[in-house]
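In what follows, every chain begins at residue 1, and chains take the letters A, B, ... in the order their sequences are listed. Just so you know, these numbers come straight off a predicted model, no measurement behind them.
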There are 2 protein chains.
Amino acid sequence: MSAPTVYDVAGQAGVSIATVSRVYRAPDSVRAGTRERVLEAARELGYVPSGNARGLASRNTRVLGLCFPDYADPDAEDPDGDYGDAELMLYSDEIIRGMERAARRHGYALLIAASLSEGPKSLVADVAGRVDGFAVLARTVPTEELEVISRRLPVVMLAGPREDAPLDHLDHVEVANFDGELALTRHLIADHGITRLAFVGSAEDSPDGEARFRGFQAAHLEAGLPVPERPDVRTRLTQAEGRQAVAELLDGGAELPGGVVFANDQMAVGALSELNRRGVRVPEDLAVAGFDGIPLGRLVTPALTTVRQPMRRLGEEAVDLLVSRLEDRDREPESRVLPVSVIRRSSCGCANGHDAVPDAASVTQS
Amino acid sequence: MSAPTVYDVAGQAGVSIATVSRVYRAPDSVRAGTRERVLEAARELGYVPSGNARGLASRNTRVLGLCFPDYADPDAEDPDGDYGDAELMLYSDEIIRGMERAARRHGYALLIAASLSEGPKSLVADVAGRVDGFAVLARTVPTEELEVISRRLPVVMLAGPREDAPLDHLDHVEVANFDGELALTRHLIADHGITRLAFVGSAEDSPDGEARFRGFQAAHLEAGLPVPERPDVRTRLTQAEGRQAVAELLDGGAELPGGVVFANDQMAVGALSELNRRGVRVPEDLAVAGFDGIPLGRLVTPALTTVRQPMRRLGEEAVDLLVSRLEDRDREPESRVLPVSVIRRSSCGCANGHDAVPDAASVTQS
DNA sequence: CGATGGATTGAAAGCGCATTCATCGTACGC
DNA sequence: GCGTACGATGAATGCGCTTTCAATCCATCG
């Protein structure tokens, strides 16, 4: 009745369970004839090795995990509404994809779990118990929990600043937010001669957003321009908010800047549509730039100048780090910063899309 | 050295391992004082229950799986290229998201595995051994393998026609491709008075594409128009191919149709850009419609009329089916067809976006 | 005051497979 | 021909946890 086990197969094939196991784990160590008999029996019985038993016996699961924050939207098939959290979703989707692929290459499967902030609890512990190692999107899991778990299991932190104090032994991957925004802003200032730029940022607790803003500041510093102390607007990273942010800027009465740099593409896209509605010409009246490099940015009019971050690679690097730590538990914690590239399209005043200027910013520090 | 186990915790807390286990499985059956002691010990030791051991002992993993085809693109961060397989990726992403959420609601984690067609082999067996049940995107896994595995484990087939013969005991979820395309085409014919329509379809072995084409045919039949025998063009479901498909249609010399129905949105979007380039006005000179309801469709100009299919719900339904079968292994196999809705936007000639006409097509047949 | 029964806790038996060690052949070498 | 060595296979043990089943404990009841 229940699923067939090694014992059943062994019986049917007239061998011991050790041999059955060997047929799957080390086929070459079993004589061809015997092997065939076992495989045939397995086929006949519909035998599928139990991952649990195997994992228990060999004390490793061959599964890697990923914990990411749940996207807000509770259920709603979202009729035709504003894809509010599309950005976030897209982001984790890409990481999932990157991890899945890299994991498979290394012979691992991928277990994913979105942790809803208010969740029952210890969802991490749940995945932690089932995998050989896992990645966590920054700010998804409470520090204390991670602290405990990471003592027993490789964990890599994704996107977000490198952790300090209790978690500084974790491997870590992020993209060059600072360098990217610096390069982008430098381009706007140096190549387009825009000296008054506004910055629309995210909440202060978004490490990515803050790093980007610092890059924005640095470009001003470098150019000898007055350094803005804080983003002109802080808001959520959605299209709707981007739309509203420009509205605020324009209605604010203050002098119109020469360009607006948004902390991400979603906002920038929203802003473009609002600007279009108001008859503000981009880039003539106002240059616009985003950050992320989402596909949509190429399709809007004018095409969006932005900084592309390799989200999928983020996932791949995470897997690399996990695998390498699985091989050597004691190596020094490593922090990787992935390079980003400025994509010059029309929204900043560049002719017509399509010249990506790779901006070397790959750093490996220990 | 190695990770702490129940024994360690039990020792530290001065209780038996049975009690430790109970603290996690049935907290109420342990006196509060004892429970605290155990929890404290666990915390101190950094104890995380082994999913494998637990699964083995309780013979269930509390994990659900999903097998989907790998998206072509091997590595390439795809500089700024044509997101060729974006459609497919988007598709599986949505399903993953839907399943993840539903699974979590039911207390399951989700294991995902993209099977590369040429892969080493039996990737399914691999996931099958680790989960309590799983979903398979149509045409991802060889029939024989599924046949064997599905004898031992709940499997639901996603998107694609219902399987026959050896696999007809599987649960199955798909969307109303036929009904959706029928409704859409009916709209073009009846409401916009377009009598000559072209259809750009996919390869013949795409069950979805074929079903859509049959819906397209049915609308002609219903309207008393000549029924096209085959799609005017068959090609891959990408933007680039869509672009080329219209080019073919226009350059073909034949009389220009009043409208073109594409088997999916990606192609339609590509076509729109090509038409725009050629100065063909949409919808005045040529109406255009897609299928899928991808977000991008709302953003192109003119906004794309299409049929929205609830991809995320596909994943949710799959989980429902799996869970319910886990509860009752013997219930009749069920086939669910999810309703789709025609989204009328500008590309077909409808005023301006935003009226979704839900098209009842939900059917549950056994 | 002893009996009775529910609440707790412990002892022990697996769950299905990997793996070490011992055993059994058999091809070779002398 | 017989000892030797290596390849193939079997027996047995344990991975870490769940789950009866039985043993205790203690409060309540007669």
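Residue A:R54 contributes atom CZ, which lies 18 Å from atom P of D:dG16 at whole-angstrom precision. B:Y24 places its OH atom 9 Å from the P atom of D:dC17, with the value rounded to the nearest Å. Between the CG atom of A:N52 and the C1' atom of D:dT18 there is a distance of 13 Å, given to the nearest Å. A:R152 places its CZ atom 12 Å from the P atom of D:dG16, with the value rounded to the nearest Å. As rounded to whole Å, 15 Å separates atom P of C:dA7 from atom CZ of B:R35. Rounded to a whole Å, the CG atom of B:L45 is 15 Å from the C1' atom of D:dG16. When the P atom of D:dC17 is taken as reference, atom CG of B:N60 falls 15 Å away, rounded to whole Å.
Centroid-to-centroid, the aromatic rings of A:Y47 and A:Y24 come within less than 6.0 Å.
At least one side-chain heavy atom of B:L64 sits under 4.5 Å from a side-chain heavy atom of B:V319. Residues A:V175 and A:V337 have side chains not in contact (no heavy-atom distance under 4.5 Å, counting atoms from C-beta outward).
Between the side chain of B:E334 and the backbone N or O of B:L321, no donor-acceptor pair lies under 3.5 Å.
Interatomic distance, CE of A:M157 versus CD of A:E174, reported as 11.5 Å (0.5 Å rounding). The line from CD of A:E317 to CE of A:M99 is 11.5 Å long, rounded to the nearest 0.5 Å.
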Identify the pairs formed between an N or O of the protein and an N or O of nucleotides 8-15 of chain D at a distance under 3.5 Å, and give each distance.
from   : atom 1 : to    : atom 2 : distance (Å)
D:dA8  : O3'    : A:R31 : NH2    : 3.3
D:dT9  : OP1    : A:T34 : OG1    : 2.4
D:dT9  : OP2    : A:R31 : N      : 3.0
D:dG10 : OP2    : A:S16 : N      : 2.9
D:dG10 : OP2    : A:S16 : OG     : 3.1
D:dG10 : OP2    : A:T19 : OG1    : 2.7
D:dG10 : N7     : A:R22 : NH2    : 2.8
D:dC15 : O4'    : A:R59 : NH1    : 3.4
D:dC15 : O2     : A:A57 : N      : 3.3

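For C:dA18, the OP1/OP2 oxygens have a side-chain nitrogen or oxygen of A:S21 closer than 4.0 Å.
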